[in-house]
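Structure first, commentary second.
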Amino acid sequence: MNKPLSQNYSNFADGNEAIARAAQDSGVGYISHYPGSPVNRVLDILEQDIGEYNYVINHALSEHIAALSTMGASLCGARSLLVMKHVGLNIAADPLNYSAVTKIKGGMVVVVGTDPGARTSTGEEDVHWYAPQFNLPLLEPASVQGVYASVQKAFQISEVVKLPVLVFVPGRIAYQSSRISRNQQKLKPRQYKFSKDPENLINVGARAVKNHQDHVLRLQKFQKQNSIYTTHYNPVARYGIVTRGATFAIACEVIESLGLQDKVQLLNIELSYPLNISPFVDFAQNKQAITIIEDQDGFLETMIKREAFGKVNCELHGKDIFPPWGEVSDTQVRQFFTKTFDCDDKRSSFSIDIDCPERPGTFCEGCPHRPAFYAIDKALAEIKKEIGSDGIIGGDIGCSSLPPHRTDWLLCMNAGIGMSQGIAQILPEQPLVSTGGEGSLFHGGLISLQSAVENNINLTHIIFDNRSIAMTGHQDSPTSSDKVDLGKLLAAIGVDHIFEADAFLATKLAATIKKAIQIDGVKVIWIKGDCALQPNEESLRRLNERTLLIHNDQCQGCTLCYSKLQCPSIIKNEEDQKLHIEMSQCRRCAACVNICPNNAIEVSDPRL
Amino acid sequence: MINLIIAGIGGQGINSLAKVLAETCYQSGYECQFTVHKGGAQSLGSVYAEFRIHQGALPILGQGIPTGELDILIALDPWEGLRHVPLSRSLLANGSKTRLWIETQSMPFFIERDGESETDSQVSVKAQLESSGLDVNWRNYRGDATQQAGTAKMANYLAGLDCIQALKLSDKSLYDRLFFELVKKAKPFKTE
């Protein structure tokens, strides 16, 4: 079953695909995840092939559930894969703190997409510190092929030490593509079985302490017996470089381009926790100085200094040279080497100052969030006129958080509905709406809403229901199908007022929001509007049958459609400042028609 | 070693083109690695793919193109081309410098129209590119694609043609076959 990565083509794979293929080739039996970049594509690939392999997929609604379900499957003997982004590890931390004492049966691998530089996240939290907290082995591959190999190794290690194994894949490797080779492991078919094991699974009191001791001793034994590393360049060089993950390749390229292969030896550490210090001590024997080059906080430097204390005599550098934030760049590494070895960078750099603004992306054409935020702004502006207070908009993660950043904060999942409760209680007179998508609602928002009900908080929460986890690649959400009746669910948990609204009828929606804010209780405005990139049947019909036109003779130049709605399909002619709709971009949602106060935008639709 | 960037914005098919280009390089006898940077948005934000292409086995290379080592830059939007110009090679003794193929027409920036913080007109970006001293080849990818295939979405195909010419990969038919097999939404071009 070792089929090519891309049928009929060579084996190019990115880090996401390498994770998926390694799991398939390791006989994975169970996969759970919560979607998040930079490992958002792993499950797409695994799902595409589900008929060809014997694995089950659980699209969990939070990382907490994903972690627990993976532990359950592993206890039945299935090799199990858990996938999430770095901040997801915060959510999964509670169960993963218990995972070690269960003595898992089937190999359990926890793949975490890290994001130094916050390229695809709201933060670049360094989650390395979870490895010593969980006390679980951590592998850090340095290439796409390395990702494949690490995931396979992780399954094997996990079954030997009876511990889940963490594999951290940084964004620049997760989205890097190169040709990889595969090595399918031959596993005997497994008979899954849950064996009652109160000694390990009823983890309380004296048993908890005993299980903790057993966990620590298992890990210490593993630490003494295992190290995964490679060494490169001159073994008798007086200067040492240590890397992990993405910085390995950068350091190699710079060393070779500067011709320093004879002057340094490089140690790349893949098993960064628990760190077997013996290879490092050997490496350090003849060194005058060693510099650790790694992204972010200096986790490896800390582990090395902890384990090597009193065992090596050379200078140790790391975060005294490289910053503990962002990605370590080629330029930083090059500057370090040219300065340390007093050598010339043979390239004469191209010196140019450019004036090029950031372009972070925004709502797509036809996105329901665009008219919804127009309506929120309109409602809050009208209230401000009446009472003089600025409105507050609580923001959440997801596509609704994209520029033009209408919300007042963009932090973690469910920060919209969560932080808003505190503000609503402290500033009861200030108009406030909290916002979040339906994905966030089912991740942790529902319990937040219930909490607002229990505490009688005067809260207006807006659910953007686009029936898709859009930002991470359109994974299904609970409202993608008809399995859940959100209206009944909200009523059942005691929400006082539930308003259903159409995102594209922004004028009516603004009136609904204003009304909701001005009444007491827990109010939910359930805004419906499918993701423009996942068009339903009606959206496709509109796209084919509907046309829109701005009548410039009727347009009064208020520019609401252009400057407030900010639809990308509405274009201003630079010469005469007239507006027109670029039909090659327009998704025919007609949100602009709804907000135009002068009826200057005509929609032609055979069904209207 | 050839370092190449293809740049544009979300929705222009940079990711698809990158896959086609990698396969074309490989089937033409080159090894390569590439990284696609998409950011968090589905559409309209900066997207670019960095290629490291080599005849023979690839050495160990960082994920990104080092500053001063960009050889070829092909952009479906002039701002997205300008963004990567600082990576360019300066004029070397052998006369080589970075070559650019740039779409003439810029896509608007949509952020905060209300605040009048839109970018300057394309004259400014064009002037910046022209004054860079690099070889700039102006292209009308979007206009030509609209004319020849009925949609500006096929501009990435035309940009890919310039990629394979810049890389001196002579077999256009291979690129054509791979493009239309791998890009499911590709529309046919009018025959010349």
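The chains referred to below are lettered A, B, ... by the order of the sequence lines, with proteins before strands, and numbering in each begins at 1.
- Put simply, CD on A:Glu253 and CE on B:Met1 are 7.0 Å apart, with the number rounded to the nearest 0.5 Å.
- Note that OG of A:Ser37 and NZ of B:Lys38 are 8.0 Å apart. Values are rounded to the nearest 0.5 Å.
- Only the backbone of A:Ala470 comes within contact range of chain B, judged by heavy atoms closer than 4.5 Å.
- Annotation: side-chain contact (heavy atoms from CB on, under 4.5 Å) contacts of A:Asp353 (sequence neighbours excluded): none.
- Under a cut-off of 6.0 angstrom, the local environment of CD in B:Glu130 is crowded, with over 12 non-hydrogen atoms contributed by other residues, nucleotides or ligands.
- Using a 4.5 Å heavy-atom cutoff, the side chains of B:Leu58 and A:Ser178 are not in contact.
- If you measure heavy-atom distances from B:Asp77 to chain A, the contacts under 4.5 Å come from the side chain alone.
- With a 4.5 angstrom heavy-atom cutoff, B:Leu70 does not touch chain A via any of its atoms.
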Applying salt bridge (Lys or Arg N to Asp or Glu O under 4.0 Å), run through A:Arg334 and B:Glu69 and close with a yes or a no.
-> CA-CA 13 Å; A:Arg334 193 169 290 271; B:Glu69 297 190 21; 3.7 Å; yes

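- Interface remark: A:Leu533 contributes side-chain atoms only to the contact with chain B (heavy atom separation under 4.5 Å).
- For residues 154-169 of chain B, every residue pair satisfying the salt bridge (Lys or Arg N to Asp or Glu O under 4.0 Å) rule, not counting sequence neighbours, is listed here: B:Arg139-B:Asp162.
- Of the residues considered (A:Ile354, A:Asp330, A:Thr559), A:Ile354 shows the highest number of contacts with chain B, using heavy-atom pairs under 4.5 Å.
- Taking chain A as the reference chain and counting heavy-atom pairs below 4.5 Å, the highest number among B:Pro86, B:Pro66, B:Ala18 is found for B:Pro66.
- Separating the NE2 atom in B:His37 from the OH atom in A:Tyr175 is a distance of 11.0 Å, to the nearest 0.5 Å.
- With rounding to the nearest 0.5 angstrom, the OG atom of A:Ser177 is 11.0 Å from the CD atom of B:Glu23.
- Contact residues of residues 48-57 of chain B toward chain A are B:Tyr48, B:Arg52 (heavy-atom distance under 4.5 Å).
- With salt bridges taken as basic N to acidic carboxylate O contacts below 4.0 Å, none links B:Lys19 and A:Glu17.
- Put simply, CZ on A:Arg179 and SG on B:Cys32 are 9.0 Å apart, with the number rounded to the nearest 0.5 Å.
- Rounding to the nearest 0.5 Å places CG of B:Leu44 at 7.0 Å from OG1 of A:Thr362.
- A distance-only check finds a donor-acceptor pair linking the side chain of B:Gln128 to the backbone of A:Asp355 [under 3.5 Å].
- Across every non-hydrogen atom of A:Ala249 and B:Ile60, the tightest pair is CA-CG2, 3.7 Å.
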Worked check of side chain to side chain contact (heavy atoms under 4.5 Å, CB included) between A:Gln176 and B:Phe34 | CA-CA 6 Å; A:Gln176 184 189 350; B:Phe34 66 100; over 6 Å; no

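- Ranked by heavy-atom pairs under 4.5 Å with chain A, the first of B:Glu80, B:Gln63, B:Glu31 is B:Gln63.
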Taking only distance into account, with no hydrogens and no angle test, what donor-acceptor pairs under 3.5 Å do side-chain atoms of residues 151-160 of chain B form with protein atoms, sequence neighbours excluded?
residue: B:Thr151; atom: OG1; partner: B:Lys153; partner atom: N; Å: 3.0
residue: B:Asn156; atom: ND2; partner: B:Gly13; partner atom: O; Å: 3.1
residue: B:Tyr157; atom: OH; partner: B:Asp176; partner atom: OD1; Å: 2.4

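- Smallest separation of non-hydrogen atoms from A:Ile352 and B:Ser132: CD1-CB, 3.7 Å.
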